[in-house]
Amino acid sequence: MARAGGITNAVNVGIAVQADWENREFISHVSLNVRRLFDFLVQFESTTKNKLSKLNEKLDTLERRLEMLEVQVSNATANPALFTST
């Protein structure tokens, strides 16, 4: 009888060890995927900030050009004689 109980306990321990191993493997996979996701998000943030910075520079340049054109149009409207030929 003790022998049968020993086999049952060994089987239970083996099942517990196998379940623990599978749980650890699952946690390892989840941890790896979380790390990959984190790395992607960090790289995405960096790339996005860089692209937004470049777009902001281009927008600033366009705004300065637009202001210059507005001044030129305003001057031309105020002084039409500048554009008439004599």
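Here the structure is a predicted model, which is why all the values come from computation and not from measurement.
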**Prompt:** Given side chains that start at C-beta, do those of L32 and R36 come closer than 4.5 Å, heavy atoms only?
**Reply:**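 They are in contact (side-chain heavy atoms under 4.5 Å apart), so the answer is yes.
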
**Asked** Should L55 and L59 count as side-chain neighbours, where that means a heavy-atom distance under 4.5 Å?
**Response**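 No, side chains not in contact.
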
**Message:** Show the nearest heavy-atom pair for residues H29 and E25, with the distance to one decimal.
**Reply:**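 Between these two residues, the closest heavy atoms are CD2-O, 2.8 Å.
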
If only atom types and distance count, is the side chain of [X] paired as donor or acceptor with the main-chain N or O of [Y] below 3.5 Å?
X	Y	answer
T47	Q43	yes
S46	V42	no
S53	K49	no

Let me confirm one number: the [atom1]-[atom2] distance from [X] to [Y], rounded to the nearest 0.5 Å.
X	Y	atom1	atom2	value
R35	N33	CZ	CG	13.0 Å
F40	L37	CZ	CG	8.0 Å
N56	K51	CG	NZ	16.0 Å
Q18	N23	CD	CG	10.0 Å

**Asked** Does anything in residues 63-76 pair up under side chain to side chain donor-acceptor pair (under 3.5 Å), and if so which pairs, sequence neighbours excluded?
**Response**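 Qualifying pairs, neighbours excluded: T61-R64.
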
